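Okay, structure first, notes after.
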Amino acid sequence: MERRIRVGKIEDQDDFRRADISQLSGNERVAMLIQMQSRYLRWDLHSKMEKVGRLKRKNFQDVP
């Protein structure tokens, strides 16, 4: 992942974040989520805490 520095107003930060995330693939989004969890939850420090997750794919049909 490449880092970008943008100069803008505080009000523009949400738009910057949404634009960046919309350009990521699904796998990149999941990898980012796992990286954030590892960074903030620190699984290595809490070995008794079980890391549990489930990925469920839902198939939606287009509704006319």
Side-chain angles (χ1 to χ4, degrees):
M1 177 184 272
E2 87 182 34
R3 297 200 180 242
R4 296 181 188 167
I5 298 175
R6 292 189 177 149
V7 179
K9 297 178 183 176
I10 299 291
E11 298 85 24
D12 297 333
Q13 294 301 310
D14 282 337
D15 294 331
F16 291 157
R17 180 185 52 80
R18 286 188 185 108
D20 289 342
I21 289 179
S22 68
Q23 294 175 357
L24 297 175
S25 69
N27 289 336
E28 290 172 327
R29 291 179 192 172
V30 171
M32 187 183 337
L33 175 66
I34 292 171
Q35 183 183 27
M36 286 173 34
Q37 282 183 339
S38 297
R39 189 179 315 136
Y40 293 111
L41 297 177
R42 296 297 308 261
W43 301 108
D44 56 330
L45 297 177
H46 304 287
S47 58
K48 294 180 182 178
M49 187 185 320
E50 187 176 348
K51 189 174 182 180
V52 178
R54 176 177 41 192
L55 182 63
K56 188 171 186 179
R57 184 175 302 270
K58 296 185 177 185
N59 295 323
F60 293 102
Q61 295 178 354
D62 291 334
V63 178

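Residue numbers count from 1 along this sequence. Here the structure is a predicted model, which is why all the values come from computation and not from measurement. Note that these values count all heavy atoms, side chains included, but never hydrogens, waters or copies made by symmetry.
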Review point. Nearest heavy-atom pair of Ala19 and Ser22: which atoms, and what distance?
Key: O-OG, 2.8 Å
Study note, to complete from the structure: Looking only at heavy atoms, the pair that brings Gln23 and Glu28 closest together is O-OE1, 4.5 Å
Point to revise | With Asp20 via side chain to side chain donor-acceptor pair (under 3.5 Å) - residues at least two apart | key: Arg4, Arg6
Identify each donor-acceptor pair in which a side-chain atom of residues 8-18 lies under 3.5 Å from a protein atom, sequence neighbours left out, and give them as a table.
none

**Study point:** Rounded distance (nearest 0.5 Å) linking atom CZ of Arg39 with atom CE of Met32
**Key:** 10.0 Å
